[in-house]
**Q** 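Sharing a structure below in structure tokens format, with a few things to ask.
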Amino acid sequence: MAYIWALMQEAEQPNKPNNPTPALTFNDFNFQPELMEGLRAMNFEKPTPIQQQAIPIILKERDIIACAQTGTGKTAAFLLPVINKIIQSPGDFIHTLIIVPTRELAIQIDEALQGFAYFAPLSHIAIYGGTGGISFEQERKALTHGANVIIATPGRLISHLNMGYVKISELQFLILDEADRMLDMGFNDDLNKIISFLPKKRQTLMFSATMPPKIRDLAKKTLNDPEQINISLSKPAAGVMQAAYVVYDTQKIDLLKSLLAGKNIPSILIFSGTKDKVKQLERELLRLKFNAAAIHSDLDQDQRNEVLRNFKNRSLQTLIATDILSRGIDIDSIGLVVNYDVPGDAEDYIHRVGRTARAETTGVALTFINPVDQRKFKRIEELIGYEIKKLPLPTEIGEGPAYEPSKKHDKPTGHGNGKGFGGKKKSWGKKK
Ligand code: ADP
Ligand code: MG
């Protein structure tokens, strides 16, 4: 564990974003009083850079494709202008459709909307799979009577659209959050199908922290002459201090044990690539008497919600997850993210480590690299443009493999970034 503390002490200052922040305040957007009241209730004092850039363009009714680092406030960047427009022209119709890759993200965005729109006359519902007949009936009613904002995962929404009762002809906004992830999950056909039900005249917004080239096709089909906003394209958030260990698979569990034992890190999120590995790790950590639980797609939705609730309220210290949780999920004070294996997609790395250091806080992200994953890790370093520090293994773990990623690549230049562990810096000020 001494290694983590040493790492923290060596932390450099985070990279400063290249673009100077235009000094806009929430007053500059001429938001309706009900929305301003919601912002005050949520303790939002100053818009983040992505909010300062995206909101004026959205208010001007332009399509956008927006890329900004994890934890920098993309949700409010699209929700606030939408709420403002609904306050200006209320009615019983589906005004906005937000499509997201996972159920957990749908629930989270719905909750954020509830907060911002607390004083606004607006109805909204999250629609996602894995729930039973009663929920389906409630969703049917909301879709028939025109809830203003629908936040949905693709599959469940299509089930409703196919039944023919969804009143969607007056739609003003289509928003795709984490669009690249939806393509990874094989939702391309589903998205096309959903879009075929929507009116052509609408405003479309696409948000993610990563926009790999494969997204271009979808963007071309769905967006109309979009403005592009790129704040630190494909870069981990500035407050994430990253490091890695080069290990054999057989050493991983002991390394984890050695890193965590006796330390009171409030919330730890461990990622592994497949649900079988996640389940196995859960068994091993429970055997070692860690306060740990796993979340993966074999749990039913109630179980998934319960595990996540326990993690959020800190009764569960360690959560082991598949990439279900790598996108969008915003949980306060996750101090440590561990990549138990290297994610297959370089973009997923950025999202996984972005579960810590949210909203200008800081956190540590450690990746375990086995010999087979060394090439993949090299690709991640190439994507983000700098090398991630490899730490020596604690002596009790024994010697690890040599680090020999493919020698065909040039060495990436640049440097790691990051700050201390759990410290807070709040320059855009959310009072707790
Ligand atoms: P992203 O989608 O960019 O990963 P989120 O929208 O989930 O990030 O926001 C991350 C966190 O920052 C959330 O807890 C959110 O409430 C908070 N946040 C966003 N914008 C502001 C702001 N202007 N002031 C204070 N807190 C903010
Ligand atoms: Mg997000």
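In this text, all values refer to a predicted model and were calculated from it rather than measured experimentally.
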**Q** Provide the closest heavy-atom pair for Val342 versus Asp373 in the form atom of the first, atom of the second, distance.
**A** N-OD2, 3.3 Å
**Q** Around atom NZ of Lys376, are there more than 12 heavy atoms from other residues, nucleotides or ligands closer than 6.0 Å?
**A** yes
**Q** How many angstroms lie between atom CD1 of Ile109 and atom CD1 of Ile151, to the nearest 0.5 angstrom?
**A** 6.5 Å
**Q** Please report the shortest heavy-atom distance between Ile87 and Pro121, naming the atom on each side.
**A** CG1-CD, 4.4 Å
**Q** Measuring only between side-chain heavy atoms, which start at C-beta, is His351 closer than 4.5 Å to Asp180?
**A** yes
**Q** If you draw a 6.0 Å radius around OH in Tyr165, do more than 12 non-hydrogen atoms from other residues or ligands fall strictly inside?
**A** yes
**Q** Tell me whether the rings of Tyr340 and Phe368 are parallel (<30°), tilted (30 to 60°) or perpendicular (>60°).
**A** tilted
**Q** Could you state the interatomic distance from CD (Gln242) to CG (Asn339), rounded to the nearest 0.5 Å?
**A** 9.5 Å
**Q** Looking at Lys60 and Glu227, does any basic side-chain N land under 4.0 Å from a carboxylate oxygen?
**A** no
**Q** Has Lys74 got a side-chain atom pairing as donor or acceptor with Ala68's backbone, closer than 3.5 angstrom?
**A** yes
**Q** Using distance alone, with no hydrogens and no angle criterion, decide if His145 and Asp92 have a side-chain donor and acceptor under 3.5 Å apart.
**A** no
**Q** Please tell me if the side chains of Ile194 and Ile158 come closer than 4.5 Å, counting only heavy atoms from C-beta onward.
**A** yes
**Q** Taking Thr25's backbone N and O only, do any of them form a donor-acceptor pair with Lys46's side chain (distance below 3.5 Å, no angle check)?
**A** no
**Q** Using side-chain heavy atoms (C-beta onward) and a distance below 4.5 Å, is Ile195 in contact with Arg202?
**A** yes
**Q** Check whether any side-chain heavy atom of Ile127 lies under 4.5 Å from a side-chain heavy atom of Phe136, and answer yes or no.
**A** no
**Q** I'd like to check Leu80 versus Leu39 (side-chain heavy atoms, cut-off strictly below 4.5 Å). Are they in contact?
**A** yes
**Q** Return the NZ to CG distance between Lys312 and Leu319, rounded to the nearest 0.5 Å.
**A** 11.0 Å
**Q** With rounding to the nearest 0.5 angstrom, report the CE to CZ distance, Met163 to Arg140.
**A** 8.5 Å
**Q** Checking Arg314 against Ser333: is there a side-chain donor and acceptor pair closer than 3.5 Å?
**A** yes
**Q** How far apart are the closest heavy atoms of Ile125 and Ala147, and which atoms are they?
**A** CG2-CB, 4.3 Å
**Q** Is the closest side-chain heavy-atom distance between Thr144 and Lys141 below 4.5 Å?
**A** no
**Q** Measure up the His95 and Phe93 rings against each other and bin them: parallel (under 30°), tilted (30 to 60°), perpendicular (over 60°).
**A** tilted
**Q** Do you know the tightest heavy-atom contact between Leu299 and Arg304?
**A** O-CD, 3.8 Å
**Q** So, does Gln317 use its side chain to make a donor-acceptor pair with the main chain of Ile265 at under 3.5 Å?
**A** yes
**Q** CD1/Ile388 to CD/Glu381 distance, rounded to the nearest 0.5 angstrom?
**A** 5.0 Å
**Q** Could you measure the distance from the CD1 atom of Ile64 to the CD1 atom of Ile229? Nearest 0.5 Å is fine.
**A** 4.5 Å
**Q** Any luck finding a side-chain donor-acceptor pair between Glu284 and Gln280 under 3.5 Å?
**A** yes
**Q** Can you see which heavy atom on Ala365 is nearest to which on Val240, and at what distance?
**A** CB-CG1, 3.6 Å
**Q** Provide the closest heavy-atom pair for Ala292 versus Leu285 in the form atom of the first, atom of the second, distance.
**A** CB-CB, 4.0 Å
**Q** Below 4.5 Å, heavy atoms only, C-beta onward: do Glu104 and Gln301 meet side chain to side chain?
**A** yes
**Q** Go through the steps for Asp110 and Gln114 under the test side-chain hydrogen bond (donor to acceptor under 3.5 Å, both in side chains), then give the verdict.
**A** CA-CA 6 Å; Asp110 191 52; Gln114 171 116 31; over 6 Å; no
**Q** If you count the non-hydrogen atoms of other residues, nucleotides and ligands that lie under 6.0 Å from NZ in Lys279, is the total more than 12?
**A** yes
**Q** Against Phe173, only a single residue in Thr96, Thr204, Ile86, Leu97 fulfils side-chain contact (heavy atoms from CB on, under 4.5 Å); can you say which?
**A** Thr96
**Q** Under a plain distance cut-off of 3.5 Å, with no hydrogens placed, do Ser315 and Asn313 share a side-chain donor-acceptor pair?
**A** yes
**Q** Any luck finding a side-chain donor-acceptor pair between Lys200 and Asn224 under 3.5 Å?
**A** no
**Q** Got a salt bridge between Asp341 and Lys252, using NZ or NE/NH1/NH2 to carboxylate O under 4.0 Å?
**A** no
**Q** Kindly determine whether Arg327 and Asp345 satisfy salt bridge (Lys or Arg N to Asp or Glu O under 4.0 Å), including the steps that lead there.
**A** CA-CA 13 Å; Arg327 293 295 181 127; Asp345 242 23; 5.7 Å; no
**Q** Please answer whether the main-chain N or O of Gln251 pairs with a side-chain N or O of Asp254 as donor and acceptor at a distance below 3.5 Å.
**A** no
**Q** Look at the side chain of Asn148 and the backbone N and O of Gly91, then say whether any donor-acceptor pair between them is shorter than 3.5 Å.
**A** yes
**Q** Evaluate the side-chain proximity of Glu139 to Ser135: yes if any heavy-atom separation is below 4.5 Å, no if none is.
**A** yes
**Q** Check whether Ser326 reaches the backbone of Thr322 with its side chain - one donor and one acceptor, N or O, closer than 3.5 Å.
**A** no
